[in-house]
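Order of the sequence lines fixes the chain letters, A, B, ..., with proteins taken first and strands second; residue numbering starts at 1 for each chain.
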Amino acid sequence: MRIVTWNVNSIRARLDRALDWVDAQQPDVLCLQEIKCLDEQFPREPFLERGYAIETFGQKTYNGVAILSRLPMRDVRRALPWDQDKDARGISALIEDVRVVNLYVVNGKEVGDPKYLHKLAWLDALQAWLEAEHGPDELLCLCGDYNIAPEDIDVYDPRRWKEKILCSTPERQRYQRLLDWGLFDAFRQLDDRPGQYSWWDTRTGGFDRGDGLRIDHLLVSRDLMEAAQQVFIDVDERAREHETCKPSDHAPVVLDLEG
DNA sequence: ATGGCAAATATCATTTGA
């Protein structure tokens, strides 16, 4: 099973690229963040034609998440229990025996900002929900845009980013707490190279400069980790020129599981 | 500290992202 997480930064603005990429990479499960549209605005037809079932949790203008799957989805959940605000940031489905949770974690804007405090509280609520509703012996995949670079090797210039948003100690502690509970950062388990990034700042031309951060993650429970064959960040998608369609500021992250 | 780019909205200016 191939599971992918990708912050597309508007599915409507990214449609042509997303379809080309799906045709080339053939994900079984595609978790999208920042679809930036209402459920009824999601471009369903071209994905249905390709054999995908589509479950969305959208909202106007901002945020919004979706799971597309070639395998049947059961027990789909939206507005996950920890998501007490109005933002559409979480959707989950049972696919085969895997509980797939697709997350768009609060950005936080700046350390100390009210939005940053909201980010920490949101992550605390996610942790509490996980501990109350699930166990590390289940088949779990919590993937998405975490808006956290877990370690300095995930940051192009750690000194510049020291204790900044996406890299601050309280954010990293909350990420680590998910791992301590029993989840594994699938990419980092299989690839110890620094300089592997999934997001680049468009405003500073970050991609062309190689200035990126690894903030999109697939966190999996032990039994799924043991089934993991490879994980890669598809930087080629970000680099590709396209006639009509600019790239997202994020690259897809791909996890292949045996079976 | 600032600015840079991109997307959406009823837009020609503002908000948000990370």
- Rounded to the Å, how far apart are A:N147 CG and B:dT16 P? 15 Å
- Item | C1' gap between B:dT9 and B:dG4, integer Å | 22 Å
- Query: Could you state the CG-C1' distance from A:L38 to B:dT9, rounded to the nearest angstrom?
  - Reply: 12 Å
- Note on the structure: Assign each of A:Y62 and A:T204 the nucleotide of DNA chain B bearing its closest heavy atom; nearer the 5' end lies the nucleotide of A:T204
- Tell me what A:D216 touches on the nucleic acid: a base, only sugar-phosphate, or nothing, going by heavy atoms under 4.0 Å. nothing
- Query: A:Y146 near the nucleic acid: base, sugar-phosphate alone, or nothing, with a heavy-atom cut-off under 4.0 Å?
  - Reply: nothing
- Query: Nearest-Å distance, CG (A:N9) to P (B:dA8)?
  - Reply: 8 Å
- Message: For a quick test of reading the model: is some side-chain N or O of A:R203 closer than 4.0 Å to OP1 or OP2 of B:dT2?
- Response: no
- Query: Picking from B:dG17, B:dG3, B:dA7, which would you name as closest to the side chain of A:R160?
  - Reply: B:dG3
- Task: Rounded to whole angstrom, note down the C1' distance from B:dT16 over to B:dT11.
- Result: 16 Å
- Task: Starting from the 5' end of DNA chain B, give me the residue, A:K246 or A:K60, whose nearest nucleotide shows up first.
- Result: A:K246
- Tell me whether the centres of the aromatic rings in A:W129 and A:H134 are closer together than 6.0 Å. yes
- Whole-Å gap separating P (B:dA6) and CG (A:L15): 19 Å
- Query: Taking atom P of B:dT15 as reference, at what distance in whole Å does atom CG of A:D113 sit?
  - Reply: 14 Å
- Could you check A:D124 against A:R177 for salt bridge (charged side-chain N to carboxylate O under 4.0 Å, His left out), going step by step and ending with a plain yes or no? CA-CA 10 Å; A:D124 287 342; A:R177 200 168 46 187; 2.6 Å; yes
- Message: Could you tell me how far apart A:N63 (CG) and B:dA6 (P) are, to the nearest whole angstrom?
- Response: 21 Å
- Item | Integer angstrom distance from the P of B:dT15 to that of B:dA10 | 15 Å
- Query: Going hydrophobic residue to hydrophobic residue with side-chain gaps under 4.5 angstrom, can you get from A:L255 over to A:Y52?
  - Reply: no
- Message: Any base atoms under 4.0 Å from A:K115, or only sugar-phosphate, or nothing? Heavy atoms, all strands.
- Response: sugar-phosphate
- Item | Distance, rounded to the nearest Å, where A:I35 contributes CD1 and B:dA7 contributes P | 16 Å
- Given A:Y146, which of A:Y104, A:F187, A:Y175 fulfils the ring pair (Phe, Tyr, Trp, His ring centres under 6.0 Å) condition? A:Y175
- Task: Flag the pair A:T5 / A:Q33 as yes when at least one side-chain heavy-atom distance between them is below 4.5 Å, and no otherwise.
- Result: yes
- Item | Distance between P atoms of B:dT2 and B:dA6 (Å, rounded) | 23 Å
- Query: Which whole number of Å gives the distance between the P atom of B:dT14 and that of B:dG3?
  - Reply: 15 Å
- Note on the structure: In whole angstroms, the gap separating C1' of B:dG17 from CD of A:Q59 amounts to 13 Å
- Message: Can you confirm whether A:H250 sits close enough to A:I215 that some side-chain heavy atom of one is under 4.5 Å from a side-chain heavy atom of the other?
- Response: yes
- How is A:L166 classified with respect to the nucleic acid when contacts are heavy atoms under 4.0 Å: base, sugar-phosphate, or nothing? sugar-phosphate
- For A:L213, report the nucleic acid contact type (base, sugar-phosphate, nothing); a contact means any heavy atom under 4.0 Å. nothing
- Message: When you measure from the side-chain N and O atoms of A:S10 to the phosphate of B:dA8, is any distance below 4.0 Å, counting only OP1 and OP2?
- Response: yes
